[in-house]
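Right, one structure below, let's go through it.
Reckoned from all heavy atoms, side chains included, excluding hydrogens, waters and symmetry mates. What you see is a predicted model; the values in this text were computed from it and never measured. Chain identifiers are assigned alphabetically (A, B, ...) following the order of the sequence lines, protein sequences preceding nucleic acid strands; residue numbering begins at 1 within each chain.
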Amino acid sequence: MNWEIIGIWLGAVLTLMLYSFLYRDNPFYKFAEHLFVGMSAGYWVIYNIFNVLKPNFWDELTGAGDGSPDYFMIIPGIFGMFMLARLVPKIAGLSRMALAMIVGTGAGLSLVSTLQTNCLSQIEGTIMPLSGVGTMGFIDNLIVVVGVVCGLVYFFFSKPHEGLTGKAAGVGITILMVAFGASFGYTVMARISLLIGQAQFLLFDWLPTMGIHL
Amino acid sequence: MRLFLPLVITFICGIVMILHFFIPHRPISTIGDGLTDWYMIVASAAIFLGAANLVQVHVHRINTKARNWKYSPVVLIGFIAMMATGLLWGVEETLPFDYMFQTMIVPMGATMFSLLAFFVASAAFRAFRASNWRATLLLASAFIVMLGRVPIGGMIWKQIPIISEWMMQVPNMAGQRAVMIGAALGVVATSLRMIFGIERSYLGGAD
């Protein structure tokens, strides 16, 4: 049995089932959609077991990693069980402990990392020279600096957008409109490239299995 | 007590992670590293919770013969097939689990996302109206960026790809940065509210 050909056919049939939605909602689409949901869920559970739980929890707890068992790993194990307690209504309250741990650690982690990468680094990147960069460099850098400052003014709602603040907010929304338009165009093109990839798969991988060569 | 203990846990974990960044020395660094590992393990339990919930929902749909219940067995079969192949044979390349991932999940994922191209285009056609000059600007920048990313753009006018690239590098960057900085300040404020127990909605909306 040629597993490669079977794999191509599986992929192609499922692709066509999903594309059938472009005509209208139909049982073929629903079948493939539900299969995708189920298989994806199964995939992520297995991925989680082999890539997160086994190396970080089980191997550490049993000492399969470096040879010495780390019994402190029982604590996250218990918290993990608490998380699953949500499935049992009588003890569902225990899941708050696990949730509290995730939220607290996540908040602490994201506070520092977000502040560093999305705030301070972006501010640092916005401090641009306006001299010695040529005319185009001057214009570009000015647009970036003014755009960022005015964009932030637009998001500042503690002061009414009137007078100078209103004008700055107006410039900000203009820059944001251009940015949203560009991001939209970029996202659409990324989707189109996936569409081209799937079309190529059907034309150049699947059709040749039936003896049709383009 | 119902809320007190979770709030204490949140506070301690949050503060330890912040201290871990500012004091990268023992014992804080050891506790912080350990907590990061624990976080990964406990958070991964949420995936099991999600999977169990998915199974519960679809079994319930089958039992009650809810609308479109006939597709629920497909979800369960897909889920069980992936679980069984992964647990029985492992996840290495060329094994059944990887084969099913490569031949079924990857094409279905790519198709699902590529379908969005049609929906986004149709939604844009209905929503984008050049009603004022700013909306026109949004429309024009999207059009130029799209045109600049395909060969026909350069064939129409060779400056289009250059303008498209400039739009991505300058105005788009300025706008994205403003959004990013604003969102980051929001994340910081929300994180602090959570750590200090002001924001408690994650505990079930209790005050």
Under 4.5 Å from a heavy atom of chain B, the part of [X] involved:
{"X": "A:Ser113", "answer": "neither"}
{"X": "A:Phe50", "answer": "side chain"}
{"X": "A:Phe184", "answer": "side chain"}
{"X": "A:Asn48", "answer": "side chain"}
{"X": "A:Val112", "answer": "side chain"}
{"X": "A:Ile75", "answer": "side chain"}
{"X": "A:Val45", "answer": "both"}
{"X": "A:Trp3", "answer": "both"}
{"X": "A:Gln198", "answer": "side chain"}
{"X": "A:Leu53", "answer": "side chain"}

Discussion item. Between B:Thr10 and A:Leu99, is there a side-chain heavy-atom distance shorter than 4.5 Å?
Written reply: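 SC-SC contact between A:Leu99 and B:Thr10 ruled out.
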Worksheet item: So, do A:Asn118 and B:Ile181 sit near enough that their side-chain heavy atoms are less than 4.5 Å apart?
Response: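 The answer is no; the side chains never approach within 4.5 Å.
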Worksheet entry | Heavy-atom closest contact (B:Ala174 atom, A:Ile175 atom, distance) | CB-CG2, 4.0 Å
Proximity breakdown for [X] and chain A, heavy-atom pairs closer than 4.5 Å:
{"X": "B:Val170", "value": "both"}
{"X": "B:Met40", "value": "both"}
{"X": "B:Tyr71", "value": "both"}
{"X": "B:Leu49", "value": "both"}
{"X": "B:Phe143", "value": "neither"}
{"X": "B:Ile77", "value": "neither"}
{"X": "B:His20", "value": "neither"}
{"X": "B:Gln102", "value": "neither"}
{"X": "B:Phe48", "value": "both"}
{"X": "B:Ala46", "value": "both"}
{"X": "B:Leu87", "value": "both"}

Discussion item. Is the distance from the ring center of B:Phe119 to that of A:Phe21 below 6.0 Å?
Written reply: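 Aromatic pair counts; centres sit under 6.0 Å.
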Practice prompt. Name all pairs fulfilling the salt bridge (charged side-chain N to carboxylate O under 4.0 Å, His left out) condition that reach into residues 9-28 of chain A, sequence neighbours left out, sorted by first residue then second.
Written response: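 Pairs touching residues 9-28 of chain A that pass the test: A:Asp25-A:Lys30.
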Worksheet item: What residues of residues 107-117 of chain B sit under 4.5 Å from chain A when you count only heavy atoms?
Response: B:Pro107, B:Met108, B:Gly109, B:Ala110, B:Thr111, B:Met112, B:Phe113, B:Ser114, B:Leu115, B:Leu116, B:Ala117
Worksheet entry | Aromatic plane relationship, B:Phe101 with A:Tyr43 - under 30° parallel, 30 to 60° tilted, over 60° perpendicular |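 Because their plane-to-plane angle is under 30°, the rings of A:Tyr43 and B:Phe101 count as parallel.
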Fill in: Donor-acceptor under 3.5 Å (B:Tyr39 side chain, A:Gly106 main chain)
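Here the side-chain-to-backbone pair does not exist.
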